[in-house]
2 protein chains.
Amino acid sequence: MAAEYTLSTDRHSRLNEQESFKSLYIVRSGSFKTTISASNGREQVTGFYFPGEFIGLDAIHHQSYRSTAKSLESSTVCELPYKMLQEIGKEMPQLQIQLLTRLSKELSNDKSLMLLLGKKTSDEKLATYLLSLSKRFKDRGFSATDFQLSMSRGDIANHLGLAVETVSRILSRFQENGLITIAGKVISLKQVKNLEDLCG
Amino acid sequence: MAAEYTLSTDRHSRLNEQESFKSLYIVRSGSFKTTISASNGREQVTGFYFPGEFIGLDAIHHQSYRSTAKSLESSTVCELPYKMLQEIGKEMPQLQIQLLTRLSKELSNDKSLMLLLGKKTSDEKLATYLLSLSKRFKDRGFSATDFQLSMSRGDIANHLGLAVETVSRILSRFQENGLITIAGKVISLKQVKNLEDLCG
DNA sequence: CGCAAGCTTGACTCATATCAATACAAGTGG
DNA sequence: CCACTTGTATTGATATGAGTCAAGCTTGCG
């Protein structure tokens, strides 16, 4: 079976997707962000990854913009050498299909993110983002309303195509309006229904 | 082998990705746009597809937002029932790998598009878009500098997260500055190097 | 403790959207 | 072939959402 091995764990450690693509990674614990950067140095946070999710799916086919993953807290991953996946895949078509499904799911998420980045107002972006996190935590068996944001305001802002200040202001306003309570990284969704209405 | 069959061809015909996902499609001739829509009716053009490209990869895994594809001109596709692909894939791992690679390539493109939508100015967006089209035509053996835009200004604007008027103005300005010439749908890139510098 | 990094809040600016008017292009039918 | 309609594109004037700049505040860590 997959000779799993657990990789770098420190806060802010970087998990580079190497020059020559070799492996996929599954998050085992903690969380990661992935970014791509433009020639001029600007960066875009393309996603956040939680336990059970794959990192590196976009690197199977190589392209000009490569992604970098950074852990947001003390985290572990399981490395899956791609060569090995291919070998196993020959015996177990089910594995290939599983991979395809994961890729397709990420693709589908990314399309939704395009809608968010291209068409939503800042309020809608934040509401959508909070609910998307909520859903992911819920799927993992955690509380859908009370959780920790492992990413900084800056990461959130960048991911949603906003300025940090805008994120800060909107979270404050959401709190004033009783939609959420938030203190630092600890957030609690108080009026999920109203947040949903805000998603646009 | 794949019992290929050719589907709807008329201008503006719609190629719905059905309730129950059944097939992938490869564009055979012409071009398509794909869109997703928010609950309030707003739409985002998530991509344009040219001959040889797959439509429907994001539907393998089903999600709340489903995509719709519309042809931009008289077009044909080749339908690939997913069940069949899976069957064949069992015998030919190479096919699965090909599919994975295609999916990964689209994922990679989408990440770049996030960078565009989230971080680029309108000038940079247009320049990036024009060069991306150029590259795709070149890869297909057509001119990299002279081609037809099969999509409307509105589709371009929507795809790039801009207003139609903004697209119109910028194209006019690019022309004034000698970067391109454009008349209706016929465009010619005159200063590729300068356009590249504009991409940010 | 004290510095550095991250976060919040306010005042002001600007890029791009919106609104409005006109022009152009492609069909359609008489 | 020409008027008419309809959709699409351009151009100008104005408004505004969110960014930028600036200042203070909070948190966590050496």
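Residue numbering restarts at 1 for every chain, and letters A, B, ... go by the order of the sequence lines.
Of the N and O atoms on the side chains of B:T35 and B:T68, not one donor lies less than 3.5 Å from an acceptor on the other residue. With 3.5 Å as the limit, one finds no donor-acceptor pair spanning the side chains of A:S122 and A:T166.
The nearest whole Å value for the distance from the CD1 atom in A:I156 to the C1' atom in C:dG6 is 12 Å. Atom-to-atom, CD1 of A:I182 to P of C:dC7 comes out at 10 Å; the value is rounded to the nearest Å. Residue B:M151 contributes atom CE, which lies 12 Å from atom P of D:dA9 at whole-angstrom precision. Remark: P of C:dA15 and CG of B:L162 are 14 Å apart, rounded to the nearest angstrom. Rounded to whole Å, atom C1' of C:dC7 lies 7 Å from atom CZ of A:R153. Rounded to an integer number of Å, the gap from A:E165 CD to D:dA22 P is 12 Å. Atom pair B:K185:NZ and C:dA25:P shows a separation of 13 Å (rounding to whole Å applied). Between the NZ atom of B:K119 and the P atom of C:dA15 there is a distance of 18 Å, given to the nearest Å.
Phosphate contact (OP1/OP2 of C:dT16, side-chain N/O of B:S122, threshold under 4.0 Å): present.
DNA chain D is contacted by A:R169 of residues 168-176 of chain A, taking any non-hydrogen atom closer than 4.0 Å.
In this pair, B:F147 and B:F137 present their aromatic rings tilted. The plane angle is within the 30 to 60° band.
Both A:L103 and A:M84 are assigned to one and the same hydrophobic cluster, defined by single-linkage of ILVMFWY side chains at heavy-atom distances under 4.5 Å.
With respect to A:K111 and B:D58, no salt bridge is recorded, no charged nitrogen being found less than 4.0 Å from a carboxylate O. Taking the charged nitrogens against the carboxylate oxygens, B:E53 and B:K105 have no contact shorter than 4.0 Å, which rules out a salt bridge.
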